[in-house]
Number of protein chains: 4
Amino acid sequence: MPAPPAPHTTSPVDAAGRRLTTRGQKRRAQLMLEGARLFAERGYHPTSVQEIVATLGVGKGVFYWYFSSKEEFFLEILRAAQTDLRRRQQAAIADETDPIRRVELGIEESLRWFREHREMFNLFQFAITQEKFAPVLRQGQQVAVGDVVRHVKEAIVEGRIRDQDPELLAQAIVGVMSHLARTYLYERDESVEAVADGAKAFCLHGLLG
Amino acid sequence: MPAPPAPHTTSPVDAAGRRLTTRGQKRRAQLMLEGARLFAERGYHPTSVQEIVATLGVGKGVFYWYFSSKEEFFLEILRAAQTDLRRRQQAAIADETDPIRRVELGIEESLRWFREHREMFNLFQFAITQEKFAPVLRQGQQVAVGDVVRHVKEAIVEGRIRDQDPELLAQAIVGVMSHLARTYLYERDESVEAVADGAKAFCLHGLLG
Amino acid sequence: MPAPPAPHTTSPVDAAGRRLTTRGQKRRAQLMLEGARLFAERGYHPTSVQEIVATLGVGKGVFYWYFSSKEEFFLEILRAAQTDLRRRQQAAIADETDPIRRVELGIEESLRWFREHREMFNLFQFAITQEKFAPVLRQGQQVAVGDVVRHVKEAIVEGRIRDQDPELLAQAIVGVMSHLARTYLYERDESVEAVADGAKAFCLHGLLG
Amino acid sequence: MPAPPAPHTTSPVDAAGRRLTTRGQKRRAQLMLEGARLFAERGYHPTSVQEIVATLGVGKGVFYWYFSSKEEFFLEILRAAQTDLRRRQQAAIADETDPIRRVELGIEESLRWFREHREMFNLFQFAITQEKFAPVLRQGQQVAVGDVVRHVKEAIVEGRIRDQDPELLAQAIVGVMSHLARTYLYERDESVEAVADGAKAFCLHGLLG
DNA sequence: AATGAATGAGGATTCATTCAT
DNA sequence: AATGAATGAATCCTCATTCAT
């Protein structure tokens, strides 16, 4: 199966929708990086636009040149992160044909990504609780679940997984992964491999298996 | 095994630590109920103290008579909810001696509680993302995990569960439960029983079992 | 010259003008004492009625039983202090016939009183700057100046003081006294005697004398 | 003796420490002028930031663009006034070599300054009673006293003033001056010259001289 | 005489956003 | 593209005062 085409990402634009120069793209990216960091550290509401631009040593005008509002800015961060995470997952399983291995590789790569993007975990978790942001999050998660569902279905067809609701299984996997990521990756700073092994074992065999 | 004594909850006090009259206790509870509802609906930061008291038709001073700050108020809500959830879990498993059944009953009862207290789910989720509130949440979750760990250990001793890190197993269960609660209980409004069955099956047997 | 009759102090009343029981008088005095202390320590505005009653461990109702408002309460404190100071000055000079000695004794006794009532100094100073309270203060100071003026006039008649505006001299004396009290009595904690000697020397001879 | 160089005043900055444009400096000065006026008229606490900005017809944000807090704003006013007063005193005595004349010129010029800056007198008086502001005031007063002390010492060396504690003398002079300023300059609206003459006479000769 | 509870106007401060330059 | 300045609604919280009991 060929790797799916890279998701069509719209090229970065300013608040008025104009395409950006190279320098402009750098600024925009800088803002999003810094914003994600600060939002993760202190929360969305407690972080002011002022703080974000001050950290970069620029004026407030810059922010509103690139983003139409704080809310849109945050959404943009969420979207970009989801896109990036998905790309990484896809790349990780591209060469694997065994559906169960694909699930395992997906878990591993996801944990690796979350390890590298600590900030985003809290941001996702927060976003899901706010009506304004939840839709974007849900959509992204649905995509991720959809990916897993495909593998699970394949494995059910092959008779390697009991015949159950594939989506429920996929959701459960996502639940295990994200909770273990928070607990072991962030709170206890354990290695991706250790956590991934635990997650894979539990997801495949449960308590009794 | 006798039901454990109800945890000694300190009697409600006002912002200055004075004990409350019956009327006062009622007001305090009213505020917390309404506060939880509003925080869940619109978020902690977007909900103002003004809105909370306005909903009850009382003056702003009332709020600060009972709570020293909005932050403390929120913490109080979190603590009370955790205490209540735990009480319910304990009560549900009190008469069961089989450790694996205990885990199952715990899952069921937790989902039932979350179904009845929709508001609290989002609140917990949000709280865990904010440094100010996370400690309280983590502590409560640690207690819950500790409960599960005890059952799992027992079952490992009895040779009914493979010998693995009991805490990791417990954490995975919590992860499954909370993610399924969000997805199926809240977003899709399914029945507690259906979700509980799915959760139990996954937790006990995993994908392959 | 006979000692003037003790100033007719109206007997203490509650906020509605009713005469007080012995116990009531004690409470009232307690409140004023504590209020003066707190007002001096943190300022009039920054000190809340709540704090005053809390220090005495009583409810807010008590305060409003005895005083009709915070403002009136403060005025009452000022009046009582002025009355007390004057009584002490009068008593100190009662037996002295030499007008210049009388001025000296007045300076000494005033400094002694201020030493014993540190709180009141700041309160007076503050009150004089607020339009609401200044009239009471001015009136009290005018009385004090009037006392000195009488002695000075007498001394001028006797030819012992140069013929100048007696009030200006009296005011100057008051200025010296209060500034030296602040600087040496409070800020540097020197003895009443030392400060009094300095004040007397300066007031009698000036720089050149 | 050449006039000392004007004290190096740091150029005005906004609340975050950034240097200001010409327009910004004007605004900042405007705010301080208006603030001093209002604080003097109604007191520090009874005057709200809202009132200050409303008087200038600007938004509340303007205030916090230039000053980090109401407290800091007040301190800034105090500091600026003290600096200005000192500059005037220095300028007034620059060309005079006789130490006693210097004291006299200092008294005169100070009274003139206070006449022109009625607002500041009350502000100083108030500030000295509040722990938050007193340090700044005391420091300024210490500088003023130090100036006088120098002249007095010189005069003592020349044998023109009796050998006494020069600082006590200086403090007494300050006391006379400020009390007479309040009484005659403000309450009775007399001329600077008349008050200055009275003050000088008293300070040089005292009652008896 | 006294308390706990309530009121609600008002205070300092923040902050997303806009605008002139 | 970017800045400094400005806006003003909204926020949390305080506090003098009142009231029912």
Side-chain angles (χ1 to χ4, degrees), chain A residues 14-15 18 20-21 23-24 27 45-53 58-71 73, chain B residues 14-16 18-24 26-28 45-51 53-54 57-71 73, chain C residues 14-15 18 20-21 23-24 27 45-53 58-71 73, chain D residues 14-16 18-24 26-28 45-51 53-54 57-71 73:
Chain A
D14 71 12
R18 277 170 304 233
L20 297 175
T21 66
R23 184 189 173 207
R27 257 290 139 84
H45 284 108
T47 302
S48 67
V49 172
Q50 167 58 34
E51 279 173 295
I52 296 167
V53 297
V58 300
K60 256 188 283 219
V62 173
F63 182 91
Y64 286 93
W65 180 266
Y66 294 103
F67 305 95
S68 60
S69 72
K70 190 186 176 188
E71 197 175 319
F73 174 63
Chain B
D14 72 10
R18 275 170 307 230
R19 209 165 285 114
L20 297 176
T21 64
T22 312
R23 187 192 180 197
K26 218 167 270 179
R27 257 292 136 82
R28 208 185 108 105
H45 283 108
T47 302
S48 68
V49 171
Q50 168 59 37
E51 279 174 295
V53 296
V58 300
K60 229 176 313 203
V62 171
F63 184 92
Y64 289 94
W65 177 265
Y66 294 101
F67 305 97
S68 59
S69 71
K70 190 186 175 188
E71 194 176 321
F73 175 62
Chain C
D14 71 14
R18 278 171 303 236
L20 298 176
T21 66
R23 186 189 171 208
R27 259 288 138 87
H45 284 108
T47 302
S48 67
V49 172
Q50 168 59 33
E51 280 174 294
I52 296 167
V53 297
V58 301
K60 256 188 284 221
V62 172
F63 183 92
Y64 286 95
W65 179 267
Y66 294 103
F67 305 95
S68 60
S69 72
K70 190 186 175 188
E71 197 175 318
F73 175 63
Chain D
D14 72 11
R18 275 170 307 230
R19 209 164 286 112
L20 297 176
T21 64
T22 313
R23 189 194 179 196
K26 219 168 269 179
R27 259 290 135 82
R28 209 184 108 104
H45 284 108
T47 302
S48 68
V49 171
Q50 168 59 36
E51 280 174 296
V53 296
V58 300
K60 234 180 305 207
V62 171
F63 184 91
Y64 289 93
W65 177 265
Y66 294 102
F67 305 96
S68 59
S69 70
K70 191 185 175 188
E71 194 175 321
F73 176 62

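Just the heavy atoms: all of them, side chains too, but no hydrogens, waters or symmetry mates, feed the values below. Chain A is the first sequence line, chain B the second, and so forth, proteins listed ahead of strands; every chain is numbered from 1.
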Indicate whether OP1 or OP2 belonging to dA2(E) is found under 4.0 Å from a side-chain N or O atom of R27(C).
-> yes
Could you tell me the separation between the CZ atom of F67(A) and the C1' atom of dT18(E), rounded to a whole number of Å?
-> 18 Å
I would like to know whether D14(D) and F67(D) meet side chain to side chain contact (heavy atoms under 4.5 Å, CB included); could you show each step before the answer?
-> CA-CA 6 Å; D14(D) 72 11; F67(D) 305 96; over 6 Å; no
When we call it a touch if two heavy atoms are under 4.0 Å apart, what does R18(B) touch: a base, just sugar-phosphate, or nothing?
-> nothing
Heavy atoms under 4.0 Å, any strand shown: does T47(B) hit a base, just sugar-phosphate, or nothing?
-> sugar-phosphate
Separation of I52(C) atom CD1 from dA2(E) atom P, in whole Å?
-> 16 Å
What distance do K60(D) atom NZ and S48(D) atom OG have between them, rounded to the nearest 0.5 Å?
-> 8.0 Å
Would you tell me if any nitrogen or oxygen in the side chain of R23(B) comes within less than 4.0 Å of OP1 or OP2 on dT21(F)?
-> no
Nucleotide of dT17(E), dA5(F), dA12(E) approaching W65(D) most closely (side-chain heavy atoms) = dA5(F)
P46(B) vs T21(D), nearer the 5' end of DNA chain F by closest nucleotide | T21(D)
Just call it for G24(B): base, sugar-phosphate, or nothing, with non-hydrogen atoms closer than 4.0 Å on any strand.
-> sugar-phosphate
Between OG1 of T21(B) and CZ of R27(B), what distance do you get to the nearest 0.5 Å?
-> 10.5 Å
Between P of dG4(F) and OH of Y64(A), the distance in whole Å = 16 Å
Result for 5'-nearest mapping on DNA chain E, choosing between H45(D) and D14(B), is D14(B)
Taking the side chain of S69(B) as its heavy atoms from C-beta onward, which of dA6(E), dC13(F), dA2(F) lies nearest to it?
-> dC13(F)
Which distance, rounded to the nearest 0.5 Å, do you find between the OG of S69(A) and the CZ of F63(A)?
-> 7.0 Å
Give the rounded distance in Å between these two atoms: NZ of K70(A) and P of dT17(E).
-> 8 Å
Base-pairing mate for dG10(E) - Watson-Crick or G-U, with both contacts under 3.5 Å = dC13(F)
Is the side chain of K70(B) donor-acceptor paired with the backbone N or O of T47(B) at a distance under 3.5 Å, no angle test?
-> yes
Side-chain contact check for S48(D): nearest option of dG11(E), dT17(E), dA1(F) is dG11(E)
Take Q50(D) and G59(B), find for each the nucleotide of DNA chain E with the closest heavy atom, and name the residue whose nucleotide sits nearer the 5' end.
-> G59(B)
Would you indicate what V62(D) reaches in the nucleic acid, counting non-hydrogen atoms under 4.0 angstrom: base, sugar-phosphate, or nothing?
-> base
Choose from dA6(E), dA1(F), dA1(E) the nucleotide whose nearest atom is closest to any side-chain atom of L20(A).
-> dA1(F)
Using atom CZ of F63(C) as one end and atom P of dT18(F) as the other, report the distance to the nearest whole Å.
-> 12 Å
Tell me which nucleotide among dC13(F), dA10(F), dA16(E) gets nearest to the side chain of K60(B).
-> dC13(F)
Classify the ring geometry between H45(B) and H45(A) as parallel (under 30°), tilted (30 to 60°) or perpendicular (over 60°).
-> tilted
Just how far, in rounded Å, is P of dG4(F) from CZ of R19(D)?
-> 12 Å
For Y66(D), answer base if it contacts any base atom (sugar-phosphate contacts may also be present), sugar-phosphate if it contacts only those atoms, and nothing otherwise; contact means non-hydrogen atoms under 4.0 Å.
-> sugar-phosphate
Name the pairing partner of dT21(F), where a pair is Watson-Crick or G-U wobble with both distances under 3.5 Å, or state none.
-> dA2(E)
